[in-house]
Amino acid sequence: MQQNRVLRLCISLLIGLIWFSFSSCSNELPINNTTIYGLATPIQLSDDTTRVLLSDYFQNSVAVDSFHTSDLIDCKIIGDTICLISKDTAQLNILSLYVGERCYTILVKKSKSSLVTLNFNTSNKYNQVQVKGEFNQWNKENSELNYDSVSNNWSIQLNVEPGKYAYKLVADNVEILDIANPNQIPNGMGGVNNFIEIAGIDNNQLPTIQTKEYANDHLIISSKNTDNIYALWENSMLEVEQKDTNFYINIPDEASQVSRSHIRVFGYNQKASSNDLLIPLLNGKVVTSPSQLGPNDWHSSIMYFMMIDRFYDGDSANNSIVNDSLILPKAQYYGGDIKGITQKIKNGYFQKLGVNTIWISPITQNPLDAWGQFENPNTKFSGYHGYWPVTSTSTDQRLGSGQDVREMLSVAHKNGLKVLLDYVANHVHEQHNVYKNHPDWVTPLYLPDGTMNTEKWDEYRLTTWFDTFLPTLNLENQKIADFMIDSAIFWIDKYDFDGFRHDATKHIPLNFWRSLNKKVKLISQKKGKYIYQIGETYGSHDLIKSYINSGMLDAQFDFNLYDNALPVFALKSEDMRRLGDALMGSIANYGYHHLMGNITGNQDKPRFISYADGTLDFETPWMEYKRIGWTQDIQVQDTLAYKKLALFHAFNMTIPGIPIIYYGDEYGLPGGGDPDNRRMMQFENLKDREESLRQETKGLITTRLSNMALLYGDLQIIENTVNTLSYKRKYFDNIVTVKLDKRNWAYKIQVQ
């Protein structure tokens, strides 16, 4: 059988190569017969061999008969894996995959990385110097510097792409700063890191493309410094005609048979690839108004995240605190529940604000007793937050019943709201039956050297425990992974949630995400809706995006962008150029039309407004933020902070990605570290400035949802100085210009 398949593959490949030499991939079959679900993620080549799993793209990878790519790339198939070895290739290429008579095209991008040397010159005597940073996922292992005794210089070669990379040296297992490097940046935990910056090509040489005009049957794309483009309808190549600096793309006839499809455009020259374009079609016609978009168009989402227990008490009958005096009030249950969310949907709170997607904290049963320990003040905790599951498929009795969940989802969908469920797969509480019945299903609590494997976030990220009572599941074992995957599928199959927010993504191995994605796609096709999945990973761009592709997650939270935006918008002293650099770094890694989550805050971060008013400073150690929240009654001290938060909202509402409002940030809820950042939501009796900010947030949401340029447009930086950041977004004749000004903590959004 294997010989027959190889023979069939070779024959198909030969036919495909001959046919490909005369034309691009045709699109003879309607899109609803496709075996790739969604838009195929481009392949980013590495400097050596790039391995592409066909199963990341195809539900049935065996159906792939043959493949073809440029002769500038060596290509071979081994089982389910295509191995691509880059030669001196073009900035953009394509990989063509044949299934019967149909050809699918996946874009291939050249590696942008190069070797740079990091030097550390010191008169101090060390036995070993290592480095950890954004270029190695903050893991010092296998990143040891070489020592030259003549020059007293330590050095290491790094293979990195253009950009700015924070790092910290580790000398004899002690973290130190590189005092010879004056470039420093706050680390978000009360200290600083060094950074290196790798320059790319000059902006004047970068290729750019823009949407120019459209007609019933074609598009015109304008360009600058662009040699050529690739245009794809869904996952099939389109013919392109070039006239001077414009490119003409015919809309395929098949598009008229599909209610929603997309055209993607990518340009390049000899030095770099361009920005990308994404153009939604409605029955083959260019979508020109946000009113033509629907629930499956996730680029038009405005997301709102609430911790259920702290949002609204809709049913006092299920209120039940943990009867333990060792729990201080801030760590107890407050009474918020699922019925409370339903009531707020019914009275129009989210709709009036403009939100169209809500993300709720975990709803599975949590322990009925006290756990954990915090010192000074001494307190234990209840499981009010939901992240300590003792079951995986039943609803916590203090939040409501399964019927309450179904009613909430029904009411949400009738009111145009999508609902994401926060799901915990990495760990369970020790009371969970999966741990009690299968204690061998978890990773070791102790490391080989006898130390406890807790909170080793980077060194042992796939095995570390979050606490001694929260065993991490060994999800590299497919049997264990399948158990948790089936528990996740239960919630979208039986309850009709619209997607997941996945907790602790980087602590879960890739086999879990690939297996989950396959089942999620099947449910998506069964229900006729796109189920969106967003992950939570703190780390480098490379680590974050390693979980984002056609075979895994749709997106993650853009914590690197947040970590730069937070001090820039909170402090007068922070340079706005830092934000511009971070924005373009995000786009360079995730594309111009990504679905990353852009947050104002979350349940793990102190409230933005308490930084912005000076109550919290950036030099405070991380644990002290939590302690301050226990010992101080934090209120807004400086009303200028409301303008700063409005500026932050304006930024998130006008850049690529999905804006995410942490409950209370629409009006400026203050707070320190958790649990102080998880106060009870306030709906009535807001102060004048709080109500004013809420109305301003509502206006910003309206602006975003009224302009295709803010949902699907490209982005060009116009000006980036110490105090200002200006950029333009364009979608055909809809142009939105944004100017953020720190001198007056003001913004201007101009629409044309």
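Hydrogens, waters and symmetry mates are skipped; everything else that's a heavy atom, side chains included, is used.
- Here Lys436 does not pair with Glu430 in a salt bridge; the nearest charged N to carboxylate O distance is not below 4.0 Å.
- Put simply, CG on Leu399 and CD1 on Ile341 are 8.5 Å apart, with the number rounded to the nearest 0.5 Å.
- For Asn296 and Lys529, the side-chain atoms include no donor-acceptor pair closer than 3.5 Å.
- For Asp458 and Lys140, the salt-bridge test fails: no basic side-chain N is under 4.0 Å from an acidic carboxylate O.
- Trp298 carries Lys418 over the face of its six-membered ring, with the cationic atom under 6.0 Å from the centre and within 45° of the normal.
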Worksheet entry | Trp465 and Thr443: CA distance, side-chain angles, deciding distance, side-chain hydrogen bond (donor to acceptor under 3.5 Å, both in side chains) verdict | CA-CA 8 Å; Trp465 290 29; Thr443 60; 3.1 Å; yes
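- Applying the salt bridge (charged side-chain N to carboxylate O under 4.0 Å, His left out) definition to pairs two or more places apart or across chains, those involving residues 464-488 are Asp486-Lys519.
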Item to complete: Go through the steps to decide whether Ile489 and Val520 satisfy the test side chain to side chain contact (heavy atoms under 4.5 Å, CB included), and finish with yes or no.
Response: CA-CA 7 Å; Ile489 293 298; Val520 167; 3.9 Å; yes
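- Checked against salt bridge (Lys or Arg N to Asp or Glu O under 4.0 Å), Glu536 has the following partners two or more places apart in sequence or in another chain: Arg501.
- For the 3.5 Å distance criterion, the side chains of Asn235 and Arg264 qualify, holding a donor opposite an acceptor.
- Tyr435 has its ring centre no less than 6.0 Å from the ring centre of His429.
- Side-chain polar atoms of Ser46 and Asp48 form a donor-acceptor pair below 3.5 angstrom.
- In this structure, Asp324 has no salt bridge (Lys or Arg N to Asp or Glu O under 4.0 Å) partners at least two apart in sequence or on a different chain.
- A donor-acceptor contact under 3.5 angstrom links the side chains of Asn159 and Asp47, judged on distance only.
- Between Lys330 and Asp676 there is a salt bridge, since a side-chain N of the basic residue sits under 4.0 Å from a carboxylate O of the acidic one.
- Both cation-pi conditions hold for Lys164 and Phe195: the charged atom is under 6.0 angstrom from the six-membered ring centre and inside a 45 degree cone around its axis.
- With hydrogens and angles left out, the side-chain atoms of Gln397 and Asn318 include no donor and acceptor closer than 3.5 Å.
- Here the options are Tyr562, Tyr662, Tyr538, Trp359, the test is ring-ring contact (aromatic ring centres under 6.0 Å, His included), and the partner is Phe557; only Trp359 passes.
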Worksheet item: Can you list the steps and then say if Phe58 with Tyr104 is a ring-ring contact (aromatic ring centres under 6.0 Å, His included)?
Response: CA-CA 10 Å; Phe58 294 89; Tyr104 297 91; 5.5 Å; yes
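- The ring of Tyr530 has its center closer than 6.0 angstrom to the ring center of Tyr37.
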Practice prompt. Show your reasoning for whether side-chain hydrogen bond (donor to acceptor under 3.5 Å, both in side chains) applies to Lys521 and Asn517.
Written response: CA-CA 6 Å; Lys521 285 178 178 178; Asn517 181 273; 3.3 Å; yes
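- A cation-pi geometry, defined here as NZ or CZ lying under 6.0 Å from the six-membered ring centre and within 45° of its normal, holds between Arg406 and Tyr495.
- Atom NZ of Lys76 has 12 or fewer neighbouring heavy atoms from other residues, nucleotides or ligands inside a 6.0 Å radius.
- Between Lys626 and Asp674 there is a salt bridge, with a side-chain nitrogen of the basic residue lying less than 4.0 Å from a carboxylate oxygen of the acidic one.
- Ion pair Lys380/Asp369 not flagged as a salt bridge, since none of the NZ, NE, NH1 or NH2 atoms sits closer than 4.0 Å to an Asp/Glu carboxylate oxygen.
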Practice prompt. Please step through side-chain hydrogen bond (donor to acceptor under 3.5 Å, both in side chains) for the pair Asp665 and Thr600, ending with a clear verdict.
Written response: CA-CA 7 Å; Asp665 278 354; Thr600 53; 2.7 Å; yes
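- Note on Asp56 versus Arg514: salt bridge recorded, some NZ/NE/NH1/NH2 to OD/OE distance being below 4.0 Å.
- A donor-acceptor pair under 3.5 Å is absent between the side-chain atoms of Arg398 and the main chain of Ile321, judged by distance alone.
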Worksheet item: Checking side chain to side chain contact (heavy atoms under 4.5 Å, CB included) for the pair Val428/Val390: CA distance, chi angles, key distance, verdict?
Response: CA-CA 6 Å; Val428 294; Val390 299; over 6 Å; no
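- Centroid-to-centroid, the aromatic rings of Phe469 and Trp388 come within less than 6.0 Å.
- To the nearest 0.5 angstrom, Leu158 atom CG is 7.5 Å from Asn136 atom CG.
- In this structure, His541 has its ring center under 6.0 Å from that of Tyr590.
- Judged purely by atom type and a 3.5 angstrom limit, Asp404 has no side-chain atom pairing as donor or acceptor with the backbone of Ile338.
- When all heavy atoms of Pro444 and Asn453 are compared, the closest pair comes out as O-ND2, 3.6 Å.
- You'll find the ring centres of Trp371 and Phe466 outside the 6.0 Å limit.
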